[in-house]
Amino acid sequence: MIEGNVDQQVNISAFQRSKKEGQCNGDSYMVKETDEYFICLVADGLGSGEAARDASSKAVEIVEKHHSLDVKSLMSMCNEALYQTRGAVITLFKCYFKEQKLEYCGVGNIRFVISAPNGKIVNPLSKSGFLSGRPSNFAVKQLDYQKDSMFIVYSDGIVLTSSDKQNILRARNPQIATQYLKQRGLPNIDDLTCIIGKIN
Ligand SMILES: [Mn+2]
C-alpha cells in the first residue's frame, strides 16, 4: 500500500493482490509526481506468473526512466520494450497541473475513470489489443480536469459496477475509497491492481 503524502498534489491509495496468494503478480504499476505533472502507468502482462510480470515491468522501467516525455512517445517506447515478451495491456496518463490538462492513452482492458467535482464521470475508452512491439499508432486523448477530481485505474482483477464507481469517486479521499472496496469484497478473478487518486 502506498499512501500519498499530504504535501503532494495527488493523493494516492494503491493496492495489488495476486490471483494466487504468495505468487507473483503479473500486473505492474508506477506513479510519479514532479512540480509540473503527475504520471501513472498500470500494465497487465499477458498470462500470469513470472513471464507476465517480466512484460509488465518492462513498461514500468521505461516510464520510470523517461517520465518527462509525453504520453504518445512513452507508449511507443513501452511498445518497443515489450518486443519479445508475452506482451501487456497498458494504461498511461499524465496530468499537467498548471494547464489542468490530462493526456491519456490505453491499449487493452485496464480501466480508467475520472470524476469532476460536479460529479460528472468520464470514462475514456481504451483501444482493444495489447502491446508486444508490433508497429502501432497510439491515439492520445486530451481531457481537461478540475482540482479535486478523483480517478480510479484498475486492472481486470476487479469489476466495478457503476454504483461502485460513484461510491469511490464521491469518497472524501482515496484511502476511504479503498476501504470501501475492501469491505465490499473483491472476488479473486485475476491479478489485481487498483489505484485511486485525488488531484488536489
Ligand atoms: Mn489481468
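Indexing begins at 1, ligand by ligand and atom by atom, following the structure's order. Just so it is clear, the model here is predicted, and its values are computed rather than measured.
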Residue among Ile195, Ile196, Asp164, Ile114 satisfying side chain to side chain contact (heavy atoms under 4.5 Å, CB included) with Ile152: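 Only match with Ile152 under side chain to side chain contact (heavy atoms under 4.5 Å, CB included): Ile196.
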When you measure from the Mn ion (ligand 1) to each N, O or S atom of [X], which atom gives the shortest distance?
X      : answer
Asp44  : OD2
Asp190 : OD2
Asp156 : OD1

Aromatic plane relationship, Phe112 with Phe151 - under 30° parallel, 30 to 60° tilted, over 60° perpendicular: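 It falls in the tilted class, 30° to 60°.
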From Leu143 atom CG to Gln100 atom CD, the distance as rounded to the nearest 0.5 Å: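 Result: 13.0 Å between the selected atoms.
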Any side-chain donor near an acceptor of the partner, Ser155 and Asp27, under 3.5 Å: yes
